[in-house]
Protein chains: 2
Amino acid sequence: MKKATDFFFDALANKNRFNILMHLRNKEICAGELQKNLGIGQTNLSHDLKCLLNCGFIIMRKDGRKRVYKINTETKGLVDEVAKHVKIYERYLKKCGILKEEKNGRI
Amino acid sequence: MKKATDFFFDALANKNRFNILMHLRNKEICAGELQKNLGIGQTNLSHDLKCLLNCGFIIMRKDGRKRVYKINTETKGLVDEVAKHVKIYERYLKKCGILKEEKNGRI
DNA sequence: TTTATATATGATAAAAATATCATATAATCA
DNA sequence: TGATTATATGATATTTTTATCATATATAAA
């Protein structure tokens with residue numbers, strides 16, 4: 001049985017979803033615009049936004065036929081914290097040797 | 001090409017690896033003891049410890065034929081922060097509906 | 001009230017991560 | 001030195017995650 005921490009990382013440790021959060025750090029954006037900015041396919045984006053929404057990381061309001069998304073305060077704090085840590089450990093992470101260098105690639 | 005953030009989550013968002021960090025939050029432990037406490041297989045544990053070590057999240061010292069591991073300060077801060085956030089969002093995460101409820105299971 | 005735009009849904013294919021297996025090394029002790 | 005304990009390594013099987021496809025719905029405008 002999965003625990004809250006498992007769900008937390010399932011939600012956050014996804015490239016597309018984390019990118020969405022990064023983009024929402026300082027402004028509200030509608031789905032279509034996110035799609036253009038991030039280059040995520042429409043279907044994936046929709047699934048990912050719903051996930052983030054259901055998890056409570058972002059909030060949504062309708063504006064005509066668009067849906068406008070905004071990050072919530074605590075999540076913004078966490079995303080900033082993660083970004084900070086990534087910067088600190090960047091050089092180690094990139095030469096870990098256990099984590100795969102490329103998607104689908106050899107170490 | 002993977003970026004630092006991708007490696008960061010590859011390293012941290014792994015159940016075993018995050019559990020190891022949780023266990024190392026307040027004390028040093030050797031590999032064998034971690035194995036007993038966490039119920040991870042020897043091989044996996046070894047791979048995971050090496051990963052965390054290479055990423056700079058933990059440090060190691062040899063003690064006879066044992067290897068004793070300790071979390072570093074910044075990582076401890078991050079792990080605590082994550083634990084805090086998991087607590088805040090727990091109820092939402094568990095009923096996301098997009099994230100799978102069980103490994104290998106239906107939503 | 002038909003058409004267009006914006007986004008959602010669910011099934012499955014494709015890709016990636018994790019666990020397991022067999023074996024290797026390193027340190028200590030008899 | 002040979003045996004034992006503690007841990008590491010690399011290849012591959014297994015499982016899980018992510019992307020894609022086909023289609024649906026919701027809102028607005030013509």
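In this text, all values refer to a predicted model and were calculated from it rather than measured experimentally. First the proteins, then the strands, lettered A, B, ... as listed; each starts at 1. We use all heavy atoms of the structure for the numbers below, so side chains are in, but hydrogens, waters and symmetry mates are not.
- In this structure, Lys76(A) places its NZ atom where more than 12 heavy-atom neighbours from other residues, nucleotides or ligands lie under 6.0 Å away.
- The CD1 atom of Ile20(B) sits 5.0 Å away from the CG atom of Leu45(B) when rounded to the nearest 0.5 Å.
- Note that the NZ atom of Lys3(B) and the NZ atom of Lys15(A) stand 8.0 Å from one another [nearest 0.5 Å].
- Following rounding to the nearest Å, Phe9(A) (CZ) and dT18(C) (P) show an atom-to-atom distance of 12 Å.
- Side chain of Lys2(A) to main chain of Lys100(B): a donor-acceptor pair is present (N/O by atom type, distance under 3.5 Å, no hydrogens or angles).
- For dT17(D), the OP1/OP2 oxygens have no side-chain nitrogen or oxygen of Asn14(A) closer than 4.0 Å.
- Along DNA chain D, the nucleotide nearest to Arg17(A) and the one nearest to Lys62(A) differ in position, and the one closer to the 5' end is contacted by Arg17(A).
- Between Phe8(A) and Phe57(A) there is a side-chain heavy-atom pair separated by less than 4.5 Å.
- The list of side-chain hydrogen bond (donor to acceptor under 3.5 Å, both in side chains) pairs with a residue in residues 31-59 of chain A, not counting sequence neighbours, reads Arg17(A)-Asp48(A).
- Taking the six-membered ring where tryptophan is involved, the planes of His85(B) and Tyr89(B) are essentially parallel, since the angle between them stays under 30° and well short of 60°.
- Remark: Arg67(B) is not in phosphate contact with dA26(C), judged by side-chain N or O atoms under 4.0 Å from OP1 or OP2.
- Phosphate proximity of dA17(C) to Lys2(B): present, with a side-chain N or O under 4.0 Å from OP1 or OP2.
- Taking the charged nitrogens against the carboxylate oxygens, Arg61(B) and Glu28(B) do have a contact shorter than 4.0 Å, which makes a salt bridge.
- Looking only at side-chain heavy atoms (C-beta outward), Phe18(B) and Val79(B) come within less than 4.5 Å of each other.
- One interatomic measurement links the two molecules: CG of Asp10(B) to P of dT18(C), which rounds to 7 Å at whole-angstrom precision.
- Across the protein-nucleic acid pair, Lys50(B) atom NZ and dG10(D) atom C1' stand 10 Å apart, rounded to whole Å.
- The interatomic distance linking Asn54(A) (CG) with dA8(C) (P) rounds to 11 Å, in whole Å.
- Side-chain N/O atoms of Asn16(B) include none lying less than 4.0 angstrom from OP1 or OP2 on dT18(C).
- We find that CE of Met60(A) is positioned 16 Å from P of dA6(C), with the value rounded to whole Å.
- In the set dT7(D), dT7(C), dA17(C), the nucleotide with an atom closest to the side chain of Tyr69(A) is dT7(C).
- Residue Lys66(B) has no polar side-chain atom (N or O) positioned under 4.0 Å from OP1 or OP2 of dT7(D).
- Rounded to whole Å, atom C1' of dG10(D) lies 16 Å from atom CG of Leu99(A).
- Ile98(A) has its CD1 atom 13 Å from the C1' atom of dT7(D), to the nearest Å.
- Residues of residues 33-49 of chain A that place a heavy atom closer than 4.0 Å to DNA chain C, in numerical order, are Gln42(A), Thr43(A), Ser46(A), His47(A).
- Remark: P of dA19(D) and NZ of Lys100(B) are 12 Å apart, rounded to the nearest angstrom.
- Side chain of Asp80(A) to backbone of Gly77(A): no donor-acceptor contact under 3.5 angstrom is found.
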With the criterion being N/O to N/O and under 3.5 Å, what pairs connect the protein with nucleotides 2-5 of chain C, and how long is each?
unit_1: dA4(C); atom_1: N3; unit_2: Arg65(A); atom_2: NH1; d: 3.4

